[in-house]
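Read through the structure below, which is laid out as structure tokens, and then see the notes.
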There are 2 protein chains.
Amino acid sequence: MSDAATLADERPRRRDAQATRGRILAAAKDRFGRLGYEGASLREIAAEAGADVALISRYFGGKEGLFTEALKASIQPDRVQAWDRATFARDVASMMADVHREEDRHQHFQFLLRAATSPTTAPLLNVAVQERFLAPIRDWLGGEDAQARARVLAAVFIGFLVERLIRGEPLRGRERDVFIERAAAAFQAVMSEG
Amino acid sequence: MSDAATLADERPRRRDAQATRGRILAAAKDRFGRLGYEGASLREIAAEAGADVALISRYFGGKEGLFTEALKASIQPDRVQAWDRATFARDVASMMADVHREEDRHQHFQFLLRAATSPTTAPLLNVAVQERFLAPIRDWLGGEDAQARARVLAAVFIGFLVERLIRGEPLRGRERDVFIERAAAAFQAVMSEG
DNA sequence: AGTGGATGTCAATGACTGTTGACTTATGAA
DNA sequence: TTCATAAGTCAACAGTCATTGACATCCACT
């Protein structure tokens with residue numbers, strides 16, 4: 001109920017279909033990310049968005065439609081070309097070490113992870129990841145067996161992400177340092193050609 | 001229904017509480033692993049085991065009881081001490097490359113992965129993994145910051161597992177070779193001291 | 001000011017969930 | 001063979017779920 005209060009204003013709101021659509025989508029990402037596809041209910045999502053359940057079916061065609069829409073909105077191709085080869089490994093490592101700091105990034109990854117490991121939604125995610133994530137990384141890596149290396153890179157990335165998301169606590173002090181150092185080393189080992 | 005037929009023999013069976021308990025447990029691991037905690041229903045599990053739904057509540061006390069029982073049975077501490085330092089990285093890498101070959105191992109890992117990423121069950125798994133998995137690996141690794149290094153090792157391990165389980169297809173030919181080589185390199189980078 | 005279409009509300013539906021208690025049947029010891 | 005009891009069956013329960021169609025309300029346009 002306090003969750004709902006954050007997004008749902010009890011005061012009568014100005015009617016705006018696009019705005020409510022947006023609120024529903026935001027609530028969906030949050031709820032799906034936190035509870036998974038089966039665990040999240042449309043009623044909760046609607047409540048958190050301060051909207052009526054019926055609107056979800058109306059706007060998104062149903063639960064699955066809402067999910068795929070949220071998924072599409074969550075997978076925006078990053079500007080891979082801009083990454084710096086020299087600092088990439090360490091940058092990513094330290095970003096992941098502090099996932100919990102940035103609330104929206106945390107939620108974002110959590111949503112994607114749940115989507116990846118839910119059997120109903122995994123196929124949907126796979127093609128998207130392949131096209132908008134793996135392919136750019138492959139090109140960015142270049143060299144021999146770029147495809148396979150990109151895959152391994154993604155695997156390591158996912159691994160650290162899972163580790164971070166499952167343990168709720170953020171990393172601190174020496175443990176954080178070791179984590180970053182080792183994660184960077186792992187990335188480097190995977191990236192390097194030959 | 002064809003799933004049920006594999007385990008459930010339509011012929012009248014000899015009454016044996018322990019045997020049906022076992023069949024239910026096996027079906028639970030399969031179903032929970034495939035569909036997650038929320039996605040799997042007790043009726044499906046019972047059908048696959050060729051038993052009645054009511055027996056689950058009777059024998060395991062309910063859905064959560066069944067799950068934790070299946071979890072306990074799935075996390076048996078491996079004989080970590082016996083691992084060979086020299087070949088460890090490569091052994092694990094090639095084992096994971098061929099996860100799909102061994103059906104029961106595949107199912108086993110899938111179950112654990114779903115348990116890890118389902119919000120209702122993650123806490124249950126975390127303590128078990130910490131005690132029976134991370135602690136032994138920490139001792140096996142030894143040296144400075146063994147705890148943190150063990151954690152990173154586990155993270156990489158999970159990453160490859162997720163990658164393998166999400167993409168259904170087994171690895172073949174050159175792609176498999178590259179995968180093993182890079183995975184081994186990643187493990188090595190994480191394990192090595194200093 | 002009035003009106004038509006967009007926007008939001010409400011209640012009901014049928015399907016499925018986990019759990020419970022009373023019931024029947026098989027089994028192994030007397 | 002008898003019979004107590006373990007093992008398995010069945011039906012019903014109270015809830016929750018997603019989805020739908022009819023209804024009320026608002027708002028921008030004429």
Side-chain angles (χ1 to χ4, degrees), chain A residues 1 3-4 7-28 31-32 34-71 118-121 124, chain B residues 1 3-4 7-28 31-32 34-71 118-121 124:
Chain A
M1 35 177 63
D3 301 56
L7 273 169
D9 198 344
E10 59 252 16
R11 305 282 304 285
R13 212 194 321 273
R14 184 165 188 78
R15 292 196 165 183
D16 184 344
Q18 204 164 343
T20 50
R21 241 190 87 104
R23 290 204 318 279
I24 290 174
L25 211 55
R31 228 63 191 176
F32 280 139
R34 218 190 295 277
L35 305 167
Y37 181 79
E38 289 86 7
S41 84
L42 294 187
R43 284 177 165 79
E44 285 177 352
I45 293 173
E48 180 170 331
D52 192 279
V53 209
L55 289 182
I56 296 182
S57 290
R58 174 127 69 225
Y59 288 160
F60 300 93
K63 189 176 191 178
E64 197 157 338
L66 175 62
F67 186 88
T68 55
E69 187 97 358
L71 196 58
S118 172
T120 32
T121 57
L124 289 168
Chain B
M1 33 178 64
D3 301 54
L7 272 171
D9 198 344
E10 62 251 15
R11 307 278 304 286
R13 212 194 322 271
R14 184 164 188 78
R15 291 195 166 184
D16 184 344
Q18 204 163 344
T20 49
R21 239 190 89 103
R23 289 204 317 280
I24 291 174
L25 212 54
R31 228 61 192 175
F32 279 139
R34 218 191 294 278
L35 305 168
Y37 181 78
E38 290 85 9
S41 85
L42 294 188
R43 283 178 165 80
E44 284 177 352
I45 293 174
E48 181 169 330
D52 193 278
V53 209
L55 289 181
I56 295 182
S57 290
R58 176 123 74 224
Y59 289 160
F60 300 92
K63 190 176 190 178
E64 194 160 306
L66 175 62
F67 185 87
T68 55
E69 187 98 358
L71 196 59
S118 172
T120 31
T121 58
L124 290 168

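- A/I45 is listed as a side-chain neighbour of A/L66, based on a closest heavy-atom distance under 4.5 Å.
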For nucleotides 28-30 of chain C, tabulate all protein N/O to nucleotide N/O atom pairs closer than 3.5 Å, reporting atom names and distance.
{"residue": "C/dG28", "atom": "OP1", "partner": "B/R14", "partner atom": "NH2", "Å": "3.0"}
{"residue": "C/dG28", "atom": "OP2", "partner": "B/R14", "partner atom": "NH2", "Å": "2.9"}

Treat primed atoms plus P, OP1 and OP2 as sugar-phosphate and everything else as base, then score nucleotides 12-18 of chain D 5' to 3': B for base contact with protein heavy atoms under 4.0 Å, S for sugar-phosphate contact only, - for none.
B----BB

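- Within the 4.5 Å cutoff, side-chain heavy atoms of A/L35 are placed close to those of A/E44.
- In this structure, B/E64 places its CD atom 18 Å from P of C/dT17, rounding to the nearest Å.
- Counting to the nearest Å, the C1' atom of C/dT20 and the CZ atom of B/F60 are 18 Å from each other.
- B/D52 places its CG atom 19 Å from the P atom of D/dA6, with the value rounded to the nearest Å.
- Going from atom CG of A/L42 over to atom CD1 of A/I24 covers 9.5 Å, rounded to the nearest 0.5 Å.
- Residues satisfying the side-chain contact (heavy atoms from CB on, under 4.5 Å) test with A/S57, not counting sequence neighbours, are none.
- Note on A/T20: every side-chain N or O is 4.0 Å or more away from OP1 and OP2 of C/dT7.
- Put simply, CZ on B/R31 is 11 Å from P on C/dT17, counting in whole angstrom units.
- Between B/Y59 and the phosphate of D/dA7, there is no side-chain N or O to OP1/OP2 separation shorter than 4.0 Å.
- Straight-line distance from the CZ atom of B/F67 to the P atom of C/dT19: 14 Å, rounded to whole Å.
- Of the candidates C/dG8, D/dG21, D/dG8, the closest approach to any side-chain atom of B/A17 belongs to D/dG8.
- Note: B/Y37 and B/F32 have parallel aromatic rings, judged against thresholds of 30 and 60 degrees for the angle between ring planes.
- For B/R21 and B/E69, the salt-bridge test passes: some basic side-chain N is under 4.0 Å from an acidic carboxylate O.
- Counting heavy atoms from C-beta outward, A/R14 and A/D16 have side chains that stay 4.5 Å or more apart.
- Atom CG of B/L55 is separated from atom C1' of C/dT19 by 13 Å (rounded to the nearest Å).
- Position along DNA chain C of the nearest nucleotide to A/Q18 versus B/R58 favours A/Q18 as the more 5'-ward residue.
- Counting heavy atoms from C-beta outward, A/F60 and A/T68 have side chains that stay 4.5 Å or more apart.
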